[in-house]
Amino acid sequence: MITALIDPTFDSWLKKARELLQGGVYPEQIDWVDATREASLLQEGPIRPKHDAPAVKVPSDFVQLAETVCAHRDERRFAVLYRLLHRLTLGGERHLLKHPSDPDTRQCQIWAKAVGRDIHKMHAFVRFRLIGTDEPTGREQFVAWFEPEHRIVKLACPFFQKRFANMDWSILTPDECAIWDGETLAYLPGVSRLEAPPADAHDDLWRTYYRSVFNPARLKVQAMQSEMPVKYWKNLPEAQIIPSLIAGSDQRVQRMLSSPERPLKPAPDNAYLHSLKTRRANPSVSETHSPTH
Amino acid sequence: MELMRKLEILADAAKYDASCASSGAQRKDSRTGKGVGSTGGMGICHSYTPDGRCVSLLKVLLTNSCLYDCHYCINRRSSDVQRARFTPEEVVQLTLDFYKRNYIEGLFLSSGIVRNADHTMEQVIEVARQLREVHDFRGYIHLKTIPEASQALIDKAGTYADRISINIELPTQASLDQLAPEKNIANTKVAMNGIRARIDEVQDARKQARRIMGRPRAKPPTFATGQSTQMIVGADTSSDSVVLHRADELYRDHRLRRVYYGGFSPIPAPSVILPIKPPPLVREHRLYQADWLLRFYGFGVSELVPQSHPDLDLELDPKLSWALRNRALFPVDINRAPRDLLWRVPGLGTVNVERILSARRFSRLHLADLQRMRVSLKKVMPFIMTADHRPRVATLENDHLRLQFLPGPRQLEFDFNPKASATAADALMVRSGQL
């Protein structure tokens with residue numbers, strides 16, 4: 001058994017995987033170990049590259065898939081990815097990635113999908129808080145706190161750079177932080193939640209908006225939760241009022257149902273309303289009967 | 001009136017419009033500009049309210065004062081709802097403040113009709129103009145337009161917006177005459193045609209501009225990339241057949257991106273003409289499913305709602321009820337059937353159909369392969385053949401097949417096999433990929 005000590009990142013894994021592949025190492029012989037967690041206890045085994053072996057070419061669609069999968073937190077990801085890579089290259093199964101019912105391909109696709117969803121949710125649920133304005137440049141400065149399910153900060157943040165290029169912002173997470181100053185997007189180690197500002201002056205307006213667009217006559221709590229799972233709620237300012245919206249909805253509907261019907265008001269004497277009567281479009285496109293004929 | 005109260009009134013007034021899409025816009029972002037904003041990828045839902053609806057855009061009316069008297073609408077002139085009006089600057093500031101905090105993808109702006117159509121349109125356009133020209137805002141803008149507004153104003157709205165829309169409201173003129181007497185389907189269609197012509201024209205021009213490589217390029221014109229509409233369901237007596245035929249016409253003749261179906265929802269100040277009823281949520285859901293089948297699965301309207309069944313089955317999804325009416329076409333052979341036949345199998349979506357087509361090039365597919373693709377075997381098995389499965393003839397001919405798919409009483413689930421805690425050996429198996 002070879003112990004492969006790596007940082008739990010795509011770059012670190014790919015570098016090691018190339019070495020192992022070049023050495024012709026079989027997937028079952030490798031124990032993939034997160035060096036940031038267990039480094040002090042373990043020693044890496046030597047890998048003897050086969051010098052006579054031709055360089056193995058890693059297909060580019062695999063590299064793309066692997067980058068996403070490495071962000072997943074499942075401990076098996078490095079091993080399954082290596083097995084997939086081994087089968088694709090040394091194993092001669094060149095079309096494996098086009099084989100969606102293969103268990104390894106399928107597993108990686110499921111992981112990639114979970115990571116993709118997490119990135120999408122980060123784009124949706126990050127909430128920036130205004131902390132000030134940089135005096136010399138006049139750039140507004142924002143900070144957000146987010147707790148992604150997977151290690152996606154580097155994959156998710158270029159989106160914010162494009163969208164908010166002209167404000168200074170930081171996104172803090174427990175794993176990693178991203179900081180944009182208008183020139184470079186820098187990544188720093190993770191921090192504690194206490195580093196993030198607790199609220200923004202606009203949160204109240206936002207909650208008012210959220211309360212007002214909710215339609216109590218269509219309560220569908222399940223549908224909301226499947227798209228916005230409870231685990232995200234603690235960092236969403238609007239989520240605080242969800243329980244009270246749900247609790248009050250029945251009463252609001254009852255009030256509507258028992259509300260008296262309002263009588264008609266006559267049309268005001270308005271030139272435009274008068275003109276509408278004569279403005280029906282030309283008969284060639286107008287309707288004479290229902291569309292089903 | 002303070003801003004928060006205005007927001008309350010004018011967001012409440014706008015919420016009955018179901019559209020929330022923020023996708024399909026031209027790719028643009030803030031890196032080359034001085035403001036904020038980007039569009040062009042997937043749409044993003046920044047939140048969900050407890051009615052299960054996505055919150056993507058700041059969706060408000062500029063004013064809820066209205067000359068019209070549409071009886072399903074909270075803002076009709078006969079309603080005694082409190083009236084309010086934003087200034088364009090207020091909406092602009094709210095949009096930017098919300099956008100910078102990543103609450104929203106952009107603005108959806110509509111308005112009650114005040115004075116006349118052109119005046120109202122001008123107010124709406126002014127907000128979009130300020131966002132784009134003064135603040136270089138590159139987020140998503142959806143503008144609601146009024147069919148009776150002049151073509152020049154609709155064109156102008158389209159140059160600022162990513163999407164424009166006109167609500168058809170009800171599927172027939174007879175229903176409009178009864179419930180929305182100021183509205184006219186023919187006018188709406190003329191305006192939709194005008195928008196479609198502009199969209200086509202600009203897309204052609206953009207294609208041309210792309211073709212002229214290497215030469216200094218004229219800036220390609222910008223215009224909304226799509227239009228959508230909304231039909232209210234359950235306010236009039238139109239059948240699903242009428243609704244879907246109208247939707248199909250809008251998709252084919254006017255190239256709409258989306259038709260939204262808004263189940264008529266109780267409003268706080270009901271009209272004497274239109275007593276309120278509970279919203280037809282399942283019906284609305286079935287219509288969306290049927291709409292999907294029309295657009296992505298090659299179904300025709302008369303297959304989904306034939307003359308014998310002018311309304312969709314509320315208990316079963318439309319593809320399943322179509323399949324049960326057309327059992328002679330089944331079973332479909334998963335290993336041989338062409339794409340458009342696989343699309344017709346209940347329980348197979350377009351994504352899984354592509355997976356099947358890809359996988360069967362390598363080996364004959366078994367039920368276990370489908371299971372790994374997360375196909376619901378229970379649903380597809382009566383309708384398919386695989387290398388190891390063929391439904392009994394009796395199953396497909398059985399009168400009770402329909403009953404099999406009806407939602408049954410729910411069973412409580414208990415976990416009888418709690419997981420044992422992992423040992424060190426298990427951990428190694430996991431890390432080397434053997435478990």
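To find a chain, count down the sequence lines: A is the first, B the second, and so on, and within it residues start at 1. All values reported here derive from a predicted model rather than from experimental measurement.
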What I'd like to find out is whether the side chain of [X] reaches to under 4.5 Å of the side chain of [Y], using heavy atoms alone.
X: B/Arg372; Y: A/Pro103; answer: yes
X: B/Arg374; Y: A/Ile110; answer: yes
X: B/Thr49; Y: A/Val213; answer: yes
X: A/Phe142; Y: B/Asn102; answer: no
X: A/Met167; Y: B/Lys100; answer: yes
X: A/Ser259; Y: B/Pro270; answer: yes
X: A/Lys98; Y: B/Phe362; answer: yes

Taking [options] one by one, which has the highest count of heavy-atom pairs under 4.5 Å against chain B?
options: A/Leu236, A/Asp203, A/Ile241; answer: A/Asp203
options: A/Tyr82, A/Phe125, A/Trp169; answer: A/Phe125
options: A/Pro268, A/Ala267, A/Ala144, A/Gly182; answer: A/Ala267
options: A/Leu273, A/Asp102, A/Thr105, A/Val253; answer: A/Leu273
options: A/Val221, A/Leu81, A/Leu205; answer: A/Leu205
options: A/Thr208, A/Leu130, A/Ile242, A/Asn215; answer: A/Asn215

For [X], is it the side chain, the backbone, both, or neither that has a heavy atom closer than 4.5 Å to a heavy atom of chain B?
X: A/Tyr232; value: neither
X: A/Leu219; value: both
X: A/Pro216; value: side chain
X: A/Asp104; value: neither
X: A/Arg211; value: side chain
X: A/Arg106; value: side chain
X: A/Leu264; value: both
X: A/Gln225; value: neither
X: A/Arg129; value: neither

Find the one option among [options] whose heavy-atom pairs under 4.5 Å with chain A are most numerous.
options: B/Arg77, B/His119, B/Glu354; answer: B/Arg77
options: B/Ser302, B/Ala13, B/Gly37; answer: B/Gly37
options: B/Leu365, B/Asp136, B/Asp97; answer: B/Asp97
options: B/Ser79, B/Ala117, B/Pro266; answer: B/Ala117
options: B/Ala14, B/Pro147, B/Ser38, B/Ser175; answer: B/Ser38

Taking all non-hydrogen atoms of both residues, which atom of [X] and which atom of [Y] are closest, and how far apart?
X: B/Lys34; Y: A/Asn166; result: C-ND2, 3.3 Å
X: A/Arg127; Y: B/Ser47; result: NH2-CB, 4.1 Å
X: B/Met4; Y: A/Asp204; result: CE-CB, 4.0 Å

Any side-chain to backbone donor/acceptor pair from [X] onto [Y]? Under 3.5 Å, distance only.
X: B/Ser78; Y: A/Lys265; result: yes
X: B/Asp51; Y: A/Phe214; result: no
X: B/His46; Y: A/Ala124; result: yes

TODO: State whether a side-chain donor-acceptor pair under 3.5 Å links B/Glu8 with A/Ser212.
DONE: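 Side chains of B/Glu8 and A/Ser212: no pair found under 3.5 Å.
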Open item on the list: Please tell me whether A/Ser101 and B/Asp369 have a donor and an acceptor in their side chains that are separated by less than 3.5 angstrom.
Closed with: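 Checked: A/Ser101/B/Asp369 side chains pair up, N/O donor to acceptor below 3.5 Å.
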Any Lys/Arg nitrogen of [X] or [Y] sitting under 4.0 Å from an Asp/Glu carboxylate oxygen of the other?
X: A/Arg218; Y: B/Glu284; result: yes
X: A/Arg262; Y: B/Asp80; result: yes
X: A/Glu227; Y: B/Arg53; result: no

Heavy-atom proximity to chain A below 4.5 Å, by part of [X]:
X: B/Ala174; result: neither
X: B/Arg76; result: side chain
X: B/Leu94; result: side chain
X: B/Arg361; result: side chain
X: B/Ile113; result: side chain
X: B/His71; result: side chain
X: B/Ile44; result: both
X: B/Tyr103; result: both
X: B/Leu244; result: neither
X: B/Lys28; result: neither
X: B/Tyr16; result: side chain
X: B/Ser265; result: side chain

Open item on the list: So for atom CZ, which belongs to B/Arg5, do other residues, nucleotides or ligands contribute more than 12 heavy atoms lying within a distance under 6.0 Å?
Closed with: yes
- [ ] Supply the atom-to-atom distance B/Arg31 CZ to A/Gln161 CD, rounded to the nearest 0.5 angstrom.
- [x]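 That separation rounds to 6.5 Å.
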- [ ] Could you tell me the separation between the OH atom of A/Tyr210 and the OH atom of B/Tyr48, rounded to the nearest 0.5 Å?
- [x] 11.0 Å
Open item on the list: For A/Asp200 and B/Arg101: C-alpha separation, side-chain torsions, deciding distance, then whether salt bridge (Lys or Arg N to Asp or Glu O under 4.0 Å) applies.
Closed with: CA-CA 9 Å; A/Asp200 185 282; B/Arg101 286 158 182 79; 2.7 Å; yes
Task: Audit row: A/Arg163, B/Glu105, salt bridge (Lys or Arg N to Asp or Glu O under 4.0 Å) steps and yes/no - done: CA-CA 10 Å; A/Arg163 176 162 288 194; B/Glu105 286 294 287; 2.6 Å; yes
- [ ] Please state whether the rings of A/Trp206 and B/Phe98 are parallel, tilted or perpendicular, taking 30° and 60° as the class boundaries.
- [x] perpendicular
- [ ] Kindly indicate, with the supporting measurements, whether the criterion side chain to side chain contact (heavy atoms under 4.5 Å, CB included) is fulfilled by A/Tyr209 and B/Leu10.
- [x] CA-CA 9 Å; A/Tyr209 176 69; B/Leu10 294 168; over 6 Å; no
